[in-house]
There are 2 protein chains.
Amino acid sequence: MLHSESAEDYLKTICKMGGTQGAVSTSALASRLGISPVSVHEMIRKLAEQGLVEYTPYRGVSLTPAGLRAAQNVFRRHRLWERFLHDSLGLPWARVHEEAERLEHATSQEVSDRLAQFLNYPQECPHGYPIGQETCACEDEAARPLLELAAGESAEIERVPEDNAQMLEYLDHLGLRPGVRVTMIEIAPFDGPVTIELAGERKAIGRPLAERILVHIAASHHTEHQGG
Amino acid sequence: MLHSESAEDYLKTICKMGGTQGAVSTSALASRLGISPVSVHEMIRKLAEQGLVEYTPYRGVSLTPAGLRAAQNVFRRHRLWERFLHDSLGLPWARVHEEAERLEHATSQEVSDRLAQFLNYPQECPHGYPIGQETCACEDEAARPLLELAAGESAEIERVPEDNAQMLEYLDHLGLRPGVRVTMIEIAPFDGPVTIELAGERKAIGRPLAERILVHIAASHHTEHQGG
DNA sequence: TGTTATAATTAGGCATGCCTTATAAAATTT
DNA sequence: AAATTTTATAAGGCATGCCTAATTATAACA
Ligand SMILES: [Mn+2]
Ligand SMILES: [Mn+2]
Ligand SMILES: [Mn+2]
Ligand SMILES: [Mn+2]
């Protein structure tokens, strides 16, 4: 509400790229946003003037406390809408992100607070990203890329990349969703495919994807024997 | 989705002002939108180019079938969101309109269809405006302004003006909501107040407001004796 | 310490949607 | 028919958010 849609998306992206820890290169930001470096530079200057980011030429851009707060608010609105679209409306898993990408900019604090209550204060979006007051979900403690699993090692999917609808369709088709248990079979050499097993079936995916799927080595190896 | 937020709001307003029947004067449109006549003229030309309105200089602007369809879609999205915000989230009656005014532009056909299903295909928004495929709610059959009631005549409130949050607060405070039964007591002369009775109490409101509240003379005069 | 790659910056443009001021044309009144 | 009011249109601007091409500054590398 306070900032433009554009500004909100910039802040989110800076946060996603690690702008809470170190500084994010403006050219990396530009290529991620699909906007020319010159335009990104312009916007960065405006955001810096508004006190939302700190910018040091040749070093990069990082979020100020105010910028982080703004970004977190947008993440929260986004993920709450995703839960509503998915859980209440039954919108396909792969479609909720793109819809939430617009709704997030049209939502007041009061509506998002009531939405959270309505949804019973969910902890995660359908793709595994946290919903909380202080979460940004850029940095993670225990989460490791699927690619880092050793052969034979099992883990539970925590989070999947959500910024590409086609990729989400593909993940959905493979059954690769948060909460699903997978076992690493093999990582083929020479940038070859990553073979995993889930629900008793073997699937092969590409390395870049395996690097972006985050898993955590859950305590219980027998979860699949207990529940459905 | 297809048209800009601005264009969608223009189409809605043209529809509200009767652009489906005759032509709407561009200066009236300008003052209603709170936008300069020159800017409205510019936008009208663009909408005409897109085939959404028909514009005849010195006569006014009216919606084409395509423009009407677009406007109806926005109305539908708006009123569905209002129902959700009110019924599911419990957002105050007077606040839902302004929130829906933004959400309506961020909603795909699929989401609005699923929202309608989720809400069990409601027939009206919380202010009494119809939700349907072919409804525009500019023109009404049986609905008459409250001001036209004769002294002693009773009617049920059908619709209230919804474009002013403060007015809605006031109406809410008075208990003037759709479905409420009112009886005309007196219309004072010389532009004096309009006195009505509702829920056993007498209230006086201004003429302009009484003109914008629509009522219908319901068949049953004993509704209040039957239900809660 | 150059050279080279990367990042920053300047300059000029475009689309959208708004603005004011001024002029022209048509419609209404008188 | 003439005067007046309303409406249309032309001209020039502004903010936002994007663009390309060209130049300059810095960092990294050899
Ligand atoms: Mn967005
Ligand atoms: Mn998500
Ligand atoms: Mn609107
Ligand atoms: Mn309404």
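So that the names make sense, note that chain A is the first sequence line, chain B the second, and so on, each numbered from 1.
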- Task: Choose from dA8(D), dG17(C), dT20(D) the nucleotide whose nearest atom is closest to any side-chain atom of K46(B).
- Result: dG17(C)
- Just to confirm, is there a sub-4.0 Å distance from OP1 or OP2 of dT6(D) to any side-chain nitrogen or oxygen of S27(B)? no
- Quickly work out the M43(B) CE to dT9(D) P distance and round it to whole Å. 17 Å
- Query: For the pair made of CD in E5(B) and P in dT16(D), what is the distance, rounded to whole Å?
  - Reply: 17 Å
- Comparing V38(B) with V40(A), nearest DNA chain D nucleotide closer to 5' gives the residue V38(B)
- Query: R45(B) CZ to dA10(D) C1': how many Å, rounded?
  - Reply: 10 Å
- Give a yes/no on whether any side-chain N or O of Y58(A) is located under 4.0 angstrom from OP1 or OP2 of dT9(C). no
- Item | Proximal nucleotide (of dC18(C), dT9(C), dT9(D)) relative to the H41(A) side chain | dT9(C)
- First encountered from the 5' end of DNA chain C, between P57(B) and G60(A): G60(A)
- Message: Can you tell me how far apart CG (L176(A)) and CD1 (I213(A)) are? Round to the nearest 0.5 Å.
- Response: 5.0 Å
- Query: Charged N to carboxylate O below 4.0 Å: is that the case for R114(A) and E99(B)?
  - Reply: no
- Item | Whole-Å gap separating P (dA15(D)) and NE2 (H3(A)) | 19 Å
- Message: Please find the pair of heavy atoms, one from Y55(A) and one from G60(A), that lie closest to each other, and give the distance.
- Response: CD1-O, 3.4 Å
- Message: Using every non-hydrogen atom in the two residues, find where A7(B) and L47(B) come nearest and quote the distance to one decimal.
- Response: CB-CD2, 3.8 Å
- Note on the structure: Per atom distances to the S36(B) side chain, the nearest of dT7(D), dA8(D), dT20(C) is dT20(C)
- Item | Whole-Å distance separating the CD1 atom of I44(A) from the C1' atom of dT9(C) | 15 Å
- Distance test, side-chain N/O of S4(A) to OP1/OP2 of dT16(D), below 4.0 Å: no
- Let me know the distance between CD of E42(A) and P of dA21(D), rounded to the nearest Å. 16 Å
- Protein-nucleotide distance (L29(B), atom CG; dT7(D), atom P), rounded to Å: 12 Å
- Query: Rounded to whole angstrom units, what separation is found between the CG atom of L33(A) and the P atom of dG17(D)?
  - Reply: 13 Å
- Minimum heavy-atom distance between I187(A) and L147(A), given as atom pair plus value: CD1-O, 3.2 Å
- Message: From the set dC18(D), dC18(C), dA25(D), return the single nucleotide nearest to any side-chain atom of S6(B).
- Response: dC18(C)
- Query: Under 4.0 Å between a side-chain N/O of Y10(A) and OP1 or OP2 of dC18(D), yes or no?
  - Reply: yes
